[in-house]
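One structure below.
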There are 2 protein chains.
Amino acid sequence: MNTPTPPLSISAVERETGLSKDVLRKWEVRYGFPQPLRDAFGERIYPPEQVNRLRLIKRLMDIGMRPSKIVARTEEELLALAASRHVAMPPAQEPEIETNALEMLRRHDPEGLRHTLHRQLLRQGLVRFVQDTIAPLNHAVGEAWSRGELEVYEEHLYTEVVQSVLRAAMTGINDRHGRPRVLLTTLPEEPHGLGILMVAALLALEGAYCLSLGTQTPLEEIANAVKAQAIDIVVLSFSIIYPPRRIPPALAELRQRLTAAVEVWAGGAGTARLHHAPTGTRLLPTLEDALAALEDWRSAHAALLSSEFSAAVTSQP
Amino acid sequence: MNTPTPPLSISAVERETGLSKDVLRKWEVRYGFPQPLRDAFGERIYPPEQVNRLRLIKRLMDIGMRPSKIVARTEEELLALAASRHVAMPPAQEPEIETNALEMLRRHDPEGLRHTLHRQLLRQGLVRFVQDTIAPLNHAVGEAWSRGELEVYEEHLYTEVVQSVLRAAMTGINDRHGRPRVLLTTLPEEPHGLGILMVAALLALEGAYCLSLGTQTPLEEIANAVKAQAIDIVVLSFSIIYPPRRIPPALAELRQRLTAAVEVWAGGAGTARLHHAPTGTRLLPTLEDALAALEDWRSAHAALLSSEFSAAVTSQP
DNA sequence: TTATGTATTTGTCATGGACAAATTGGTTGA
DNA sequence: TCAACCAATTTGTCCATGACAAATACATAA
């Protein structure tokens with residue numbers, strides 16, 4: 001059916017696996033893998049099997065394994081490792097909706113998934129839907145993906161469906177005069193935008209004004225937007241694929257670029273492994289934390305808000 | 001107000017400007033710019049002014065200028081160049097909605113923009129809205145951005161608003177039994193997803209089944225999805241920022257990975273500058289081309305579709 | 001057990017050279 | 001005048017190797 005997959009150049013492999021060229025070359029020397037062939041001009045070309053194995057390695061590294069322990073392993077060993085990570089949940093405990101959704105994804109039935117989710121949304125209401133359905137489902141999808149049970153495109157599909165359901169649900173509930181004014185986005189290396197959508201849904205429902213910039217906004221532009229939009233809180237989302245070591249410096253840098261009055265929150269699975277947030281920033285490993293943080297902000301600013309309000313009222317003729 | 005922006009490392013500059021480390025180092029040698037300072041370890045650190053100038057240069061390169069002509073220029077010269085690109089349209093000719101929308105963006109009024117667009121959508125209907133409002137508006141926004149009149153984040157904001165309006169309009173019109181079955185996405189280096197959304201709206205309205213994988217799907221995964229979803233047509237979108245030289249090889253590679261029965265279409269502003277499509281692929285520089293291509297596909301497959309239909313009918317007991 | 005210090009691992013950066021692919025500009029012929 | 005061709009130049013990407021800070025693992029003392 002398909003033409004056999006052709007070998008890839010080093011930059012193609014960087015794109016497909018997310019491993020930088022430097023890393024690919026270093027591993028070759030240090031661990032003896034990958035071992036790309038060379039083309040007529042001496043440049044590395046990676047056969048598809050090696051690219052697959054690299055993908056697998058990347059997945060395992062994303063869940064905390066170290067290169068020295070896995071890069072030199074055979075594909076079988078890697079698969080075994082990936083499988084052993086999965087602690088099966090008793091089927092009775094795994095919510096039915098979750099099993100159903102994964103099943104639909106595997107059966108390539110995006111429309112069915114959309115309908116199921118939409119029905120669930122109507123049943124539960126937006127808050128519980130986000131917290132009790134989408135969040136665990138995200139986790140389950142991420143887990144399944146890291147075990148190699150889902151293709152990348154199936155994950156894309158999942159994202160699209162959830163996004164369309166959530167966006168549809170959110171239309172109209174965002175109050176442009178709501179406070180606080182929250183800016184949500186991700187940094188340039190983070191393409192996953194589901195997290196910000198979920199948080200936006202929760203916060204908007206609580207009366208905050210949520211402004212999403214989508215994904216991959218440069219720091220400087222975030223700072224510009226904060227200034228122009230009179231933002232109170234910036235929420236960044238980091239998925240599991242974001243290099244954890246880069247999160248604190250990135251947060252610190254953003255922190256430094258903003259006035260002290262603007263809060264910086266970081267959420268998403270990528271922040272769960274972090275111990276300390278840089279000073280002046282706040283970690284929100286779970287969605288509950290986001291709501292709690294909103295509470296805190298409100299009580300801290302209660303006096304200010306009401307004085308602002310009375311000022312606005314008294315200034316009216 | 002803000003802490004003065006700190007100098008950036010080479011990888012931070014790569015992230016912020018989209019210029020690779022290799023390119024940054026080579027320009028330093030070849031053109032004498034940038035001229036980063038060095039930190040205590042001898043590593044390059046780029047002052048914010050140089051990063052800004054690099055952004056400006058990148059913009060000019062995206063519209064076709066060559067490094068040797070611009071990299072060594074002063075910021076003033078660059079700004080003059082950028083300004084001179086703008087051939088002012090007689091205000092009378094520029095549709096009011098366009099001026100309004102740009103104005104709202106500059107005034108940082110996303111909600112106003114959303115309302116205006118939504119009203120316009122109801123007035124025009126989806127097809128004309130996409131073709132006559134969103135498409136020229138996209139162009140105007142892109143132009144304004146390339147002249148430096150819009151910030152990156154303002155463009156993000158624009159994208160978010162248009163996306164939410166289009167997605168809302170599309171709910172329910174996608175028929176899962178429609179033909180052809182169209183897969184829409186972008187390649188890994190292309191983050192702009194508006195194009196596929198616009199095409200999806202048009203095609204779905206014409207009765208095609210549109211499956212969007214969102215942005216940045218690896219080639220291999222596109223091939224997987226095509227197989228699993230019994231796709232008839234793959235539509236890729238390339239914005240102006242995608243390196244034009246990489247489009248033909250990418251299309252050719254995708255073409256090679258799919259069976260001949262699956263068509264490959266490429267649309268978006270990035271394809272306008274291309275002369276020839278690789279054999280077996282089709283270029284759709286404008287939205288009209290997409291509709292025309294759909295017509296062509298339908299007439300080419302008319303016989304097949306009806307025989308398929310009758311087969312399905314007769315196979316029913 | 002918890003701290004603390006040392007060793008190792010690992011990603012990123014630097015340098016400088018090579019070259020293919022793309023672009024430019026000039027020349028020739030219809 | 002235009003198109004097609006060729007040579008010179010430009011430009012991005014790749015290679016090899018070495019260096020080193022930061023992160024992590026490990027062992028030892030409190």
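Here is the naming used below: chain letters follow the sequence lines, and residue numbers restart at 1 for every chain.
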Checklist entry - Below 4.0 angstrom, N of the basic side chain to O of the carboxylate: do A:Glu16 and A:Arg55 qualify? => result yes
Checklist outcome for this item: A:Arg25 CZ to C:dC13 P, in whole Å, measures 13 Å
Checklist outcome for this item: Whichever of B:Ala12 and A:Phe41 has the more 5' nearest nucleotide on DNA chain C, that residue is B:Ala12
Checklist entry - Below 4.0 angstrom from OP1 or OP2 of C:dC13, is there any side-chain N or O of B:Ser11? => result yes
Checklist entry - Is there side-chain contact between A:Glu155 and A:His192, with heavy atoms separated by less than 4.5 Å? => result yes
Item to check | Interatomic distance, A:Leu8 CG vs D:dT13 P [rounded to whole Å] | outcome: 17 Å
Next on the checklist: I want to check one thing: is the phosphate of D:dT10, taken as OP1 and OP2, less than 4.0 Å away from some side-chain N or O of B:Arg66?
Outcome noted: no
Next on the checklist: Can you measure A:Trp27 atom CH2 to C:dT12 atom C1' for me and round it to whole angstrom units?
Outcome noted: 14 Å
Checklist entry - Taking the side chain of A:Asp22 as heavy atoms from C-beta outward, which of C:dT12, C:dT24, C:dT10 is closest to it? => result C:dT12
Checklist outcome for this item: Atom CZ of B:Arg38 and atom C1' of C:dA14 are separated, to the nearest Å, by 7 Å
Checklist entry - Does A:Glu253 pair with A:Arg257 as a salt bridge, N-O distance under 4.0 Å? => result yes
Item to check | Residue that, paired with A:Leu187, satisfies side-chain contact (heavy atoms from CB on, under 4.5 Å) out of A:Ile222, A:Thr217, A:Thr215 | outcome: A:Ile222
Item to check | Rounded distance in Å - NZ (A:Lys26) to P (D:dC14) | outcome: 16 Å
Checklist entry - Tell me: NZ of B:Lys21 to C1' of D:dC15, nearest whole Å? => result 16 Å
Item to check | Pair B:Glu43-B:Ser9, side-chain hydrogen bond (donor to acceptor under 3.5 Å, both in side chains): steps then yes or no | outcome: CA-CA 8 Å; B:Glu43 306 194 341; B:Ser9 72; over 6 Å; no
Next on the checklist: Of the listed nucleotides (D:dT13, C:dG11, C:dA14), which one gets closest to any side-chain atom of B:Ser20?
Outcome noted: D:dT13
Next on the checklist: In whole Å, I'd like the distance from the CE atom of B:Met61 to the P atom of D:dT11.
Outcome noted: 8 Å
Checklist entry - Just to confirm, is there a sub-4.0 Å distance from OP1 or OP2 of C:dT12 to any side-chain nitrogen or oxygen of B:Ser9? => result no
Next on the checklist: OP1 or OP2 of D:dT10 versus the side-chain N and O atoms of B:Tyr31: is any pair under 4.0 Å?
Outcome noted: no
Checklist entry - Base, sugar-phosphate alone, or nothing: which one does A:Arg30 contact when heavy atoms must sit under 4.0 Å apart? => result base
Checklist entry - Taking CE from A:Met65 and C1' from C:dT9, how many angstroms apart are they, rounded to a whole number? => result 17 Å
